[in-house]
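All remarks here apply to the structure that follows.
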Number of protein chains: 2
Amino acid sequence: MPAEEIAAPKSLADFQERLRRVGGSLPKRLKQCAEYVAGNPDKIAFSTVADIAAGAQVPASAMMRFCQEMGFSGYSQMQKLYREEYSQKWPDYSTRLSSLRNGGAESPSALLAEFSEAGRASIENLTHSIDQDKLRKAVTVLAGARTIHIVGLRRTFAVASYLAYAFEKMSIPAILHAGVGNLTQHHLLGDGDALIAITFAPYTADTMALAEAAAARGLDIVAITDLPTSPLAALDAIHLLVSEIDVGNFRVLAATMTLAMTLSVAVGARRRLV
Amino acid sequence: MPAEEIAAPKSLADFQERLRRVGGSLPKRLKQCAEYVAGNPDKIAFSTVADIAAGAQVPASAMMRFCQEMGFSGYSQMQKLYREEYSQKWPDYSTRLSSLRNGGAESPSALLAEFSEAGRASIENLTHSIDQDKLRKAVTVLAGARTIHIVGLRRTFAVASYLAYAFEKMSIPAILHAGVGNLTQHHLLGDGDALIAITFAPYTADTMALAEAAAARGLDIVAITDLPTSPLAALDAIHLLVSEIDVGNFRVLAATMTLAMTLSVAVGARRRLV
DNA sequence: CCCTCAACAGAATGTATATTCCATTTTTTT
DNA sequence: AAAAAAATGGAATATACATTCTGTTGAGGG
């Protein structure tokens, strides 16, 4: 039994360190493995042994021996390390949140930490998931509109009102449909106008009603919603999907607000250029 | 053979588009699949059918049917699509951001990167700078109030309206002073009430007026503001300072929103416990 | 020059996983 | 209300994969 029998690395950093230390003194094939693995960390997470082995130009069994030599039980265990590193960016929220709920008497600062983290993750996710083409198209449509109508009720009203504020500040004609006094203002929708509709599950009926009225009149619609199965998705509109994290029953609006600001400022900039 | 037999989506964007189109008319289980898949793109890349199915709370066979319904030969083919997409955006958040930034000075994507980064920084700053004692005190005061009044106009109206929504949802008596119709509602301020006032430079006159009226009546006041020199600071109130980053002339509200959510949820939790 | 042993490649194996099939339930239609 | 159609869940099967085994090669030492 070799004296230097070693345990599996705990973290990717550990592993890369070990790779550097023992890398030089490996036999030919294993050295090939080491080099390929060190140089293609991203591929490890996705591919099968066969693929990786082919990439390193060794038979699969050599790659297996390499993994075991490095202290892993096999290829799968090594791959797990790479996958964990990657998917770390979206921590397991459902468990954390349920613990928060069961904890009950949380201190406000612990809550603040939760919301902060949720907000951070939501924004980060937004930058990954937003479709740049659609965003650009949305800006174009809104920049060309005569009047911009904005609708977002209940949980999304905050976003809608921010949009209204931003447009007002830039002197862009915009109407916030707030549902005040239960007066329907569908008749305000005119040719050449555009609508920004914001709704998350459970989808507010009044928002949908206005969006449908706008669709019927042939207005351009920019829809900010959470799921492809949203009723807004049935409309012919430019869809911007935002998946936010819920903390308890409360939706962190950080990403949606960020998107709203981007939209408004981009539209403002475009208008001024033309 | 159904007439609408469809080919496998070519890209993730294609797929999401299809999901959006047909998503609404799917049977129950398949809709669950659609929603989970749409909401967890990152997990698809790594996990097995069994894992994903468990996440969507459906049997594995349902997930298989879903994949085929969407035009894939099976789960593996769908996963392949996600893996391809993901190996491209592998680089971490910061590099992704800088690549967004360089996408053209005035492009919407560059703006999005700008706002995202500003939001992240603001939130991070908030968790460091907030005074925990004051936060706790604010929660205590609000939890003990008979009715909570909320005022925040112009740029902060979004925050105020979110607070109003949150309190309503938790059945906590709260009044949002919106300035509708220029009706002053100072007379609503009653003994045992508390006021949340939100204002940033330049400080809105109406907000100050209401805050002063509340102070005169001896109400507890929680002030969310940006600087110690704010006129709100002159009042005897619990001050929560939030320093947000400005992008151009627009204040990112991410930190303020985060603070507002924390306040409302903490108050709700406290009320229920007492 | 032969012996020994580590390194190796490819075939053989076992296991984890995807996929299909069918009996049962639920929904829709008549 | 009955019949037909669609949807569903779990068991059965097939496939893809990681892992191990075995015979062979090649290098170093006596």
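Quick note on labels: first sequence line is chain A, next is B, and so on, each numbered from 1. No hydrogens, no waters, no symmetry mates; every other heavy atom, side chains included, goes into these values.
Rounded to whole angstrom, the span from the NZ atom of A:Lys28 across to the P atom of D:dT25 amounts to 16 Å. Distance CD (B:Gln57) to C1' (D:dT8): 16 Å, rounded to an integer number of Å. Distance, A:Met63 CE to D:dT20 P: 16 Å, rounded to whole Å. Distance CG (B:Leu30) to C1' (D:dA7): 8 Å, rounded to an integer number of Å. D:dG10 atom C1' lies 11 Å from atom CZ of B:Arg65, rounded to whole Å. Across the protein-nucleic acid pair, A:Phe72 atom CZ and D:dT19 atom P stand 12 Å apart, rounded to whole Å.
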> Run the ring pair (Phe, Tyr, Trp, His ring centres under 6.0 Å) check on A:Phe72 and A:Phe15 step by step: do they pass?
Replying inline: CA-CA 10 Å; A:Phe72 297 106; A:Phe15 179 51; 5.1 Å; yes
>> Applying salt bridge (Lys or Arg N to Asp or Glu O under 4.0 Å) to B:Lys31 and B:Glu35, what does each step give before you reach the verdict?
In response: CA-CA 6 Å; B:Lys31 196 182 287 186; B:Glu35 287 177 2; 6.0 Å; no
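Residue pairs meeting the salt bridge (Lys or Arg N to Asp or Glu O under 4.0 Å) criterion with at least one partner in residues 210-237 of chain A, sequence neighbours excluded, are A:Asp191-A:Arg217, A:Asp226-A:Arg251.
Remark: the B:Gln68 side chain and the B:Arg65 side chain contain no N/O donor-acceptor pair separated by less than 3.5 Å.
A salt bridge is defined here as a Lys NZ or Arg NE, NH1 or NH2 lying under 4.0 Å from an Asp or Glu carboxylate O, and B:Glu168 with A:Arg154 meets this definition. A:Arg18 has no carboxylate O lying under 4.0 Å from a charged side-chain N of A:Glu69, or vice versa, which leaves the two without a salt bridge.
When DNA chain C is scanned in the 5' to 3' direction for atoms under 4.0 Å from non-hydrogen atoms of chain A, the outermost contacting nucleotides are C:dA7 to C:dG10.
Closest to the B:Pro59 side chain, of the nucleotides D:dT8, D:dT20, D:dG9, is D:dG9. The side chain of A:Gln68 sits closest to D:dT20 out of D:dT19, D:dC17, D:dT20.
Residue contacts for B:Ser61: at a heavy-atom cut-off of 4.0 Å it reaches a base atom on one of the strands shown.
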